[in-house]
Engineer: 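One structure is given below, represented as structure tokens, and several questions about it will come after.
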Amino acid sequence: MGDLINHPIIMRDTANESFSQILQCEFCNYEIGPEHKILYGDSDACKKLLIEGKGVAIDMNPNFIAEELLDGTVQPVLPGWHRKPWPLHICCRKSSSKDPIIREAMGIIRYLALHQEPNDWKSWHRRLHLPEQMVLLPKL
């Protein structure tokens, strides 16, 4: 993780509700501090910067860049590292809260949200037939 200081970091802007300066991997934390060069943007801007090779994107959902991962345009690095999980709220109108169809839909959404693979990078490593080991950043 210490090598991350040598690379610009592409991340969602601070208005994003999941914004955090902390990266986590199991029981380890890494703080992105003022000494890092950070390029902020929305998801489309971050994707464009990543594809242009402008830095390491830490907010990129693998499904958003599926084509680029499959054709090798971008490579997964820092496997297992992620932002702090943010709380998920599933809401409906009070008048609909007893509706069995709404309740069932909310239950399905809750189940899918809680049972997603916490380390999305692992499924991509399997799809791309890559070893599930730490991928090191290239030297500058």
Side-chain angles (χ1 to χ4, degrees):
M1 284 301 293
D3 191 37
L4 195 56
I5 193 76
N6 299 318
H7 302 271
I9 298 172
I10 303 166
M11 59 195 293
R12 302 284 297 275
D13 58 48
T14 57
N16 186 302
E17 63 185 272
S18 65
F19 182 82
S20 171
Q21 295 286 114
I22 307 293
L23 294 178
Q24 299 177 332
C25 185
E26 295 185 2
F27 302 108
C28 299
N29 289 334
Y30 180 83
E31 184 167 1
I32 301 168
E35 67 278 6
H36 291 87
K37 179 181 179 185
I38 302 173
L39 305 172
Y40 294 103
D42 64 11
S43 56
D44 289 320
C46 289
K47 179 178 179 176
K48 184 177 185 296
L49 289 167
L50 175 64
I51 291 170
E52 291 173 355
K54 303 291 186 188
V56 176
I58 62 169
D59 284 332
M60 201 56 54
N61 182 321
N63 294 323
F64 189 57
I65 53 169
E67 185 177 314
E68 291 81 4
L69 280 166
L70 290 171
D71 71 16
T73 303
V74 299
Q75 296 279 322
V77 296
L78 307 174
W81 287 88
H82 57 85
R83 295 276 192 103
K84 182 175 99 177
W86 49 282
L88 174 67
H89 303 281
I90 304 166
C91 305
C92 71
R93 290 189 319 236
K94 186 176 182 178
S95 62
S96 300
S97 65
K98 302 270 192 242
D99 184 319
I101 294 173
I102 298 291
R103 301 290 308 169
E104 182 179 357
M106 290 172 64
I108 291 168
I109 293 167
R110 181 178 187 277
Y111 175 84
L112 292 173
L114 295 176
H115 292 87
Q116 273 186 329
E117 188 170 346
N119 288 315
D120 230 2
W121 65 269
K122 287 183 180 180
S123 64
W124 276 100
H125 271 246
R126 285 191 292 275
R127 282 175 78 176
L128 298 171
H129 306 289
L130 299 170
E132 289 184 12
Q133 62 192 20
M134 181 61 76
V135 178
L136 300 177
L137 294 170
K139 300 255 188 241
L140 287 180

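Numbers here are sequence positions counted from 1. Values below: all heavy atoms of this structure, side chains included; hydrogens, waters and symmetry mates excluded.
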Engineer: Please report the closest heavy-atom contact between G55 and L50, naming both atoms and the distance.
Structural biologist: O-CD1, 3.9 Å
Engineer: Considering only residues two or more places apart or on different chains, which pairs with a residue in residues 38-47 satisfy salt bridge (Lys or Arg N to Asp or Glu O under 4.0 Å)?
Structural biologist: K47-E68
Engineer: Applying side chain to side chain donor-acceptor pair (under 3.5 Å), name anything that partners T73, two or more places apart in sequence or on another chain.
Structural biologist: D71
Engineer: If you measure from CD1 on I51 to SG on C46, what distance do you get to the nearest 0.5 Å?
Structural biologist: 11.5 Å
Engineer: Quick check: closest heavy atoms across P76 and L69, and the distance to 0.1 Å?
Structural biologist: CD-CD2, 3.9 Å
Engineer: Checking I9 against I58 for the side chain to side chain contact (heavy atoms under 4.5 Å, CB included) test, could you report, in this order, the C-alpha distance in whole Å, the side-chain angles of both residues, the deciding distance, and whether it holds?
Structural biologist: CA-CA 7 Å; I9 298 172; I58 62 169; 4.0 Å; yes
Engineer: Taking side-chain contact (heavy atoms from CB on, under 4.5 Å) as the test, write out the residues that go with K37, two or more places apart.
Structural biologist: P8, L39
Engineer: According to side-chain contact (heavy atoms from CB on, under 4.5 Å), who are the partners of I108, at least two apart in sequence or on a separate chain?
Structural biologist: E104, L112
Engineer: Can you name the residues that form a side-chain contact (heavy atoms from CB on, under 4.5 Å) with S97, not counting sequence neighbours?
Structural biologist: C92
Engineer: Show the nearest heavy-atom pair for residues R12 and S43, with the distance to one decimal.
Structural biologist: NE-N, 3.6 Å
Engineer: Under the side-chain contact (heavy atoms from CB on, under 4.5 Å) test, which residues partner E52, sequence neighbours left out?
Structural biologist: K48, L49, K54
Engineer: Please check if the side chain of Q21 supplies one atom and the backbone of E31 the other of a donor-acceptor pair under 3.5 Å.
Structural biologist: no
